Every structure is written in C-alpha cells, then in structure tokens.
Amino acid sequence: MSIRTMTGIAVLALAGTAIGVPAAAAPPARCALGTWKLTRAVLHVDSGNAHLRFSGGSGSVLTLDGRTALHSFGSSAKFTETGTSDGRPVSGWMRYRKTLRLKTRVSAARLTGSPASASGPATLKIRQTRPLNYDPSPQRVASLLRRGGFSGIPASATYTCGPGTLRLHQKEVSAGGTLNGTWSYRRL
C-alpha cells in the first residue's frame, strides 16, 4: 500500500466520539439560531504517521433552527490540504457539494447532532496530489456520518456566538486518530 493510499484511508477512516471543548462563556441558545456563512474552517487530522491540515471552505451556508442543521455547499470553496505522512510532505484538497440535513439540538453552548439522522445528497471529494496521486470518487457525506467515518462536518460541537459571528469547535478522538476543527461563520 502506498503512502498516498495510506494517508487517504487514514483520513476517510477517522471515526470517533465527539469530545467538547469548553466554551468561553455559555451564550443563550438562540444566539446560534439562524443562517450563517462560513468564512473559514481549519481542521487538523493526526493519525499515527499522518499529520494533516485542511483550511478553507468559505461560502458554505449553515442554517440552524434548534432541531435541524442544514448545510448548503453550493458556493463552498475547496479546502487546501497540507501536512506529512511518514515524514514526507502531503498536499491536496477536499471539497463539499450539494446539501446535508442533520437533526441537531442547540443548547446554551453546544450543538448535538444525530449522525444516524444524516440525509441529503451532499458529497465530499478528497484529492491528494503529493507525494502520489490519490483521487478516489466522491463520498456521500450522510453515509460517512451514519457509519462513523471522517466527514469533516461539525455534527456535534461546542460553540461561541456573538451578534454577527458563530464559531464551532470540535474534537473527535478514535482509534484511527484525532480531529480538531474550528469553523468560523458570519450571520447572513
């Protein structure tokens, strides 16, 4: 198995339980409700010999109504990927398309999503270009969430919220590795 394939498989296989990061202050749950546009997300994926960073994704829209999270990726930019695998540089990108719906409860400082409820045609395309070319077919995000695979979606996360900003923080730990992510949004 090549380094390129091992890295891609490590990322796609990353699964686990969400662990909360304490919020700076517990905002009222209603602050998070509404429609938000992603300005930037940064995800760090560490699994054994692979240390990857995905950054970008601006333009996707998140709508929270207290019962559902609707992710619309129609204008979502690519995430750039950098990092190392077995000490060798890795580069590439990932991109989301279409829409994803997820039952999500919003409390004073936490979004708690139900991966089993994930639905919609959203896809995730991951392409690594260095050191080898790894270009698998797009994956259905709902399927990834339902089976506990790496989706890069903040299904359950803590949050901080202001009048025009929302920041989601997620940490997932599994036998396959750790994902730390921060998603920064502005209110539409």
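The structure presented is a predicted model; accordingly, all values stated were derived computationally and were not measured.
Note that the CH2 atom of W36 and the CG atom of L168 stand 9.5 Å from one another [nearest 0.5 Å]. Distance check: I126 CD1 to F150 CZ gives 5.5 Å after rounding to the nearest 0.5 Å. In this structure, the separation between CD on E81 and OG on S91 is 7.5 Å, given to the nearest 0.5 Å. Atom CG of D46 sits about 5.5 Å away from atom NE2 of H51, to the nearest 0.5 Å. With rounding to the nearest 0.5 Å, the separation of OG1 in T165 from OH in Y185 is 13.0 Å. Atoms OG and CG, on S117 and L145 in that order, are 8.5 Å from each other to the nearest 0.5 Å.
Inter-residue side-chain proximity for H169 and N180 is flagged as unmet; no heavy-atom pair is nearer than 4.5 Å. For the pair T104 and S114, the minimum side-chain heavy-atom distance is 4.5 Å or more. A heavy-atom distance below 4.5 Å is found between the side chains of R53 and V42. S143 places a side-chain heavy atom less than 4.5 Å from the side chain of R146. By the 4.5 Å heavy-atom criterion applied to side chains, L111 and R105 are not counted as neighbours.
Heavy atoms from other residues, nucleotides or ligands lying under 6.0 Å from CZ of R97 number more than 12.
Side-chain N or O atoms of R95 include none that pairs as donor or acceptor with a backbone N or O of T123 at under 3.5 Å. Proximity of a side-chain donor or acceptor of S58 to a complementary backbone N or O of A77 within less than 3.5 Å is not detected. With K125 contributing its side chain and P136 its backbone, the two residues share a donor-acceptor pair below 3.5 Å.
Among all heavy-atom pairs drawn from A118 and L100, the shortest one is CB-CD1, 4.2 Å. Across A32 and V106, no two heavy atoms sit closer than the pair CB-CG1, 4.1 Å. Taking both residues in full, the closest heavy atoms of G120 and A142 are given as O-CB, 4.1 Å, listed atom of the first, atom of the second, then distance. A pairwise comparison of heavy atoms in L144 and S151 identifies CB-CB, 4.2 Å as the closest pair. S156 and R110 make their closest contact through CB-NH2, 4.2 Å (heavy atoms, listed as atom of the first residue, atom of the second, distance). Smallest separation of non-hydrogen atoms from A69 and L62: CB-CD1, 4.1 Å.
No chain of hydrophobic side-chain contacts below 4.5 Å, direct or via other Ile, Leu, Val, Met, Phe, Trp or Tyr residues, connects M94 to V61. Put simply, L33 and Y159 are part of the same group of oily side chains (I, L, V, M, F, W, Y) that touch within less than 4.5 Å, one to the next.
Between Y96 and F73, the ring planes are parallel. Angles under 30° get that label, and only those over 60° would be called perpendicular.
Between the side chains of S55 and R40, a donor-acceptor pair is found at a separation under 3.5 Å.
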Show your reasoning for whether side chain to side chain contact (heavy atoms under 4.5 Å, CB included) applies to T178 and K171.
-> CA-CA 7 Å; T178 303; K171 182 174 183 177; 4.0 Å; yes
